[in-house]
Amino acid sequence: MVTLAYLSARNKYRIEREEKSGKGFADFIFYPRKRNLPGIVIELKADSTPEKALEQIREREYCEKLRREGIEGVILAGINYDTVRKVHQCRMEEVKK
């Protein structure tokens with residue numbers, strides 16, 4: 001799923017993996033090439049919850065690097081993979097500056 005997002009977004013976004021931001025490393029940060037697009041931060045988890053992934057994004061301030069570049073709107077995506085049930089879960093939220 002992330003690979004498809006990566007491939008379809010690379011013309012509109014500069015995508016960094018394991019990007020140092022805030023108080024740690026975000027799994028993926030999508031930097032918009034045009035100012036009218038939101039930034040995107042993706043945190044991946046296994047055998048956890050998407051809510052925990054979103055909580056980590058907020059607690060570790062992964063959006064700070066985007067904000068320092070003047071990007072006001074950011075979409076947070078927390079994705080969890082349950083290795084037992086073989087199910088993905090995703091939660092997203094939009095934050096403004």
Applying ring pair (Phe, Tyr, Trp, His ring centres under 6.0 Å), which residue pairs with at least one partner in residues 29-49 are found, sequence neighbours left out? Tyr13-Phe30
Among the clusters formed by ILVMFWY side chains lying less than 4.5 Å apart, do Ile75 and Ile42 turn up in the same one? yes
Hydrophobic clusters here meaning ILVMFWY residues chained together by side-chain heavy-atom distances under 4.5 Å, can you tell me if Leu7 and Leu44 are in one? yes
Separation between [atom1] of [X] and [atom2] of [Y], rounded to the nearest 0.5 Å:
X: Lys12; Y: Asn36; atom1: NZ; atom2: CG; value: 9.0 Å
X: Leu66; Y: Glu72; atom1: CG; atom2: CD; value: 12.0 Å
X: Glu59; Y: Gln56; atom1: CD; atom2: CD; value: 8.0 Å
X: Leu54; Y: Lys45; atom1: CG; atom2: NZ; value: 10.5 Å

Got a sec, which residues hit salt bridge (Lys or Arg N to Asp or Glu O under 4.0 Å) with [X], two or more places apart in sequence or on another chain?
X: Arg17; value: none
X: Glu51; value: Arg91
X: Glu93; value: Arg58

How close do [X] and [Y] get, counting heavy atoms only, and between which atoms?
X: Gly39; Y: Pro32; value: CA-CD, 3.9 Å
X: Ile57; Y: Ala77; value: CD1-O, 3.8 Å
X: Gly78; Y: Pro50; value: O-CB, 3.2 Å

Sub-3.5 Å donor-acceptor pair from the side chain of Tyr62 to the main-chain atoms of Phe25, do we have one? yes
Stepwise, does the side chain to side chain contact (heavy atoms under 4.5 Å, CB included) test hold for Ile40 with Met92? CA-CA 10 Å; Ile40 302 170; Met92 298 173 66; over 6 Å; no
Can you name the residues that form a side chain to side chain contact (heavy atoms under 4.5 Å, CB included) with [X], not counting sequence neighbours?
X: Arg33; value: Arg14
X: Asp47; value: Asp82, Thr83
X: Ser8; value: none
X: Arg35; value: Ile71

side-chain hydrogen bond (donor to acceptor under 3.5 Å, both in side chains) with Gln89: which residues, sequence neighbours excluded? Asn80
Contact between Phe28 and Glu43 at the side-chain level, heavy atoms closer than 4.5 Å - yes or no? no
Are Val41 and Lys65 side-chain neighbours, meaning at least one heavy-atom pair lies under 4.5 Å? no
Apply side chain to side chain contact (heavy atoms under 4.5 Å, CB included) to Asp27 and Glu18, showing your working. CA-CA 5 Å; Asp27 288 323; Glu18 292 297 324; 3.1 Å; yes
